[in-house]
Each structure stands twice: as structure tokens, then as C-alpha cells.
Peer 1: 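Supplied in C-alpha cells, the structure appears directly below.
When a ligand or atom number is given, it counts from 1 through the structure's own listing order.
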Amino acid sequence: MNKLAIMGAMQEEIDPLLANFKDIKITEYADNKYYEVSLDGLDIVIAHSKIGKVFASLTATTMIEKFGCDTLLFSGVAGAVNSDLKIGDLVIANRLCQHDLDITAFGHPHGFVPGGKVFVETSKELREIAKEVAKQNSLKVLEGTIATGDQFVHSSQRKEFIQNTFKADALEMEGASVAVICDSLNVPFFILRSISDSADMDANFDFDEFLKSSAQISADYILKIAQKL
Ligand code: ADE
């Protein structure tokens with residue numbers, strides 16, 4: 001690996017990463033800021049994309065094509081779908097899908113368009129490193145399916161649809177788009193989330209309350225993983 005990308009969606013998701021670095025070079029590009037740092041000699045570019053699949057795709061592509069990153073880690077928060085998951089729990093995606101991609105009118109399955117695939121898998125090698133780091137630090141992680149869509153999910157009905165259709169464990173608004181970009185450009189990637197809410201009717205209150213603490217939990221773990229790369 002030459003250069004590592006670490007991205008989040010929101011400023012609150014990258015602030016706990018940036019807090020670990022003193023010497024930061026900031027580049028403004030495409031109406032966004034890219035923070036270049038060094039971790040024990042490893043070059044890292046950190047950025048938050050802004051919320052949603054389009055901004056996340058732009059940022060992931062920029063980190064790879066403009067900054068030359070050849071491995072990508074994502075850190076942030078998610079809504080729980082799997083009822084075993086509680087606020088602050090860590091989820092590693094082994095595969096991701098787009099729950100709002102829908103051309104079922106033409107007989108295709110949910111989440112599928114021609115030329116694409118319903119599920120994009122993350123790097124097994126990065127997952128193995130992450131699980132080893134979790135073991136060394138006595139962290140409990142769940143490895144599973146993350147569903148992505150351009151919707152803040154705050155209804156049991158929508159959550160059940162996502163659970164039943166994709167067997168998802170958690171949901172958020174960027175991961176699968178980053179997965180499509182990295183998969184297409186042959187860049188190994190890893191998507192980590194810490195639970196901020198349960199994607200039901202209280203989701204917006206819980207999200208506001210737990211965004212910072214869950215983002216911190218995710219960032220702490222992602223930095224430990226980065227140190228092992
Ligand atoms: N990220 C964190 N919680 C979420 C939710 N309920 N819906 C979509 N993205 C989220």
C-alpha cells in the first residue's frame with residue numbers, strides 16, 4: 001500500500017480522527033477539504049464527503065484518482081437493523097447493497113441494475129486484520145450486511161423492508177456507493193460503522209444524542225486498524 005484513504009460522511013465522523021494529528025496539510029478540491037497526515041510513516045488522506053451516495057462517490061473517487069490512495073477505510077455511524085445491535089456497537093460490512101435502488105418494474109431484484117450487482121463484498125484481507133485488532137483490544141464486532149440508501153430511515157416499516165429484502169444488519173447512507181467505486185477501481189476497502197440509533201421512530205433523537213460518541217468509537221477502532229496496515 002502506498003497511501004491510505006480514511007473517509008467519513010460528516011465532519012463529526014472525521015473530527016475524532018483529525019484530533020490525533022498535529023501536522024495536517026489541507027487541500028481544497030471540489031467544494032470539499034482533504035486532510036493529508038502521516039501515521040508512523042504511513043501517508044493518509046482523511047475527508048468527510050457530506051451525506052449521501054453522490055457526495056460519497058465523489059469523495060472516494062477523488063481520494064483514489066486525485067490523491068493516489070490505494071486502500072480505503074470508512075468510519076462512521078449507522079442505524080441498527082439486527083436487533084442484537086445496541087448503541088455504540090461496532091459493525092464491519094462483509095457486503096453492502098443499495099436498498100433504494102429500484103428497477104423492479106422491469107423484473108429485476110431490488111438493489112440491482114444491469115452491469116452491477118446487488119451485493120458488493122469488502123476486502124477479506126482488511127476484515128481479517130480488523131478482526132485481529134478487535135481481538136487484541138477486546139472489542140466486540142459484528143460482521144454482516146450493510147444497506148445504504150439516500151434516506152435517513154426512521155420507520156419500523158422501512159427498516160423491516162430492508163431487513164427482509166437484503167437481510168441487512170445495519171443501514172446508513174454512503175457505504176454501498178463507496179463500495180461500488182472501490183470495487184470498480186480495484187481498490188481494497190473496508191466499511192466500519194458504530195450504531196447511533198435503531199432506524200425506528202426515535203431514530204432522529206437517538207442520532208442527535210449518540211452521533212458524537214458512536215463516531216468516536218468507530219474512529220478509535222479505525223485508527224488502530226490503520227496502525228496495523
Ligand atoms: N446513519 C445513522 N443512522 C441512520 C439512519 N437511521 N438512517 C440512515 N442512515 C443512518
Peer 1: Around atom 4 (C) of ligand 1, find the nearest protein heavy atom and jot down its residue, atom name and distance.
Peer 2: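 For atom 4 (C) of ligand 1, the nearest protein heavy atom comes out as F152 CE1, 3.4 Å.
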Peer 1: Go through ligand 1 atom by atom and flag the ones less than 4.0 Å from a non-hydrogen atom of Q151.
Peer 2: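 Every atom of ligand 1 under 4.0 Å from some heavy atom of Q151: 7 (N), 8 (C).
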Peer 1: Heavy-atom contacts with V153 under 4.0 Å: which atoms of ligand 1 show up? List them by number with element.
Peer 2: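 The list of qualifying atoms is 5 (C), 6 (N), 7 (N), 8 (C).
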Peer 1: Between F74 and F190, does the ring centre distance come in under 6.0 Å?
Peer 2: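 No, ring centres 6.0 Å or more apart.
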Peer 1: Can you name the nearest heavy-atom pair linking M63 to I6, along with the distance?
Peer 2: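 So the two residues come closest at CE-O, 3.6 Å.
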Peer 1: Does the N or O separation between D197 and ligand 1 drop below 3.5 Å for any pair?
Peer 2: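 In this structure, D197 places an N or O atom under 3.5 Å from an N or O of ligand 1.
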Peer 1: Need the ligand 1 atom indices (1-based, order shown) with element for anything under 4.0 Å from a heavy-atom of F207.
Peer 2: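 In order of numbering, the contacting atoms are 2 (C), 3 (N).
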Peer 1: Within the 4.0 Å heavy-atom shell around E172, which atoms of ligand 1 are there?
Peer 2: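 Once the distances to E172 are compared, the set is 9 (N), 10 (C).
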Peer 1: Could you check whether any heavy atom of H154 sits closer than 4.0 Å to an atom of ligand 1, since that is the contact criterion I want to use?
Peer 2: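 In this structure, H154 fails to qualify as a contact of ligand 1 - no heavy atom is under 4.0 Å.
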Peer 1: Any nitrogen or oxygen of A199 lying under 3.5 Å from a nitrogen or oxygen in ligand 1? Just yes or no.
Peer 2: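 So ligand 1 has no N or O lying under 3.5 Å from an N or O of A199.
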Peer 1: Would you say the rings of F152 and F207 are close, in the sense that their centroids are separated by under 6.0 Å?
Peer 2: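 Distance test on ring centres: under 6.0 Å, yes.
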Peer 1: Treating Ile, Leu, Val, Met, Phe, Trp and Tyr as nodes and any side-chain heavy-atom pair under 4.5 angstrom as an edge, say whether V141 and V91 lie in one connected cluster.
Peer 2: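 No, V141 does not connect to V91 through the hydrophobic network.
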Peer 1: Numbering the atoms of ligand 1 from 1, which are under 4.0 Å from a heavy atom of S196?
Peer 2: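 Under 4.0 Å from S196, ligand 1 has these atoms: 2 (C), 3 (N).
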Peer 1: On the ring face of Y35, is K25 found with NZ or CZ under 6.0 Å from the centre and within 45° of the axis?
Peer 2: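 Relative to the ring axis of Y35, which defines the angle, K25 lies outside at least one limit.
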Peer 1: Under 6.0 Å between ring centres: does that hold for F161 and H110?
Peer 2: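 So the answer is yes for these two rings.
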Peer 1: Taking salt bridge (Lys or Arg N to Asp or Glu O under 4.0 Å) as the criterion, tell me which of R193, K124, K131 meets it with E143.
Peer 2: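 Filter result, single survivor: K131.
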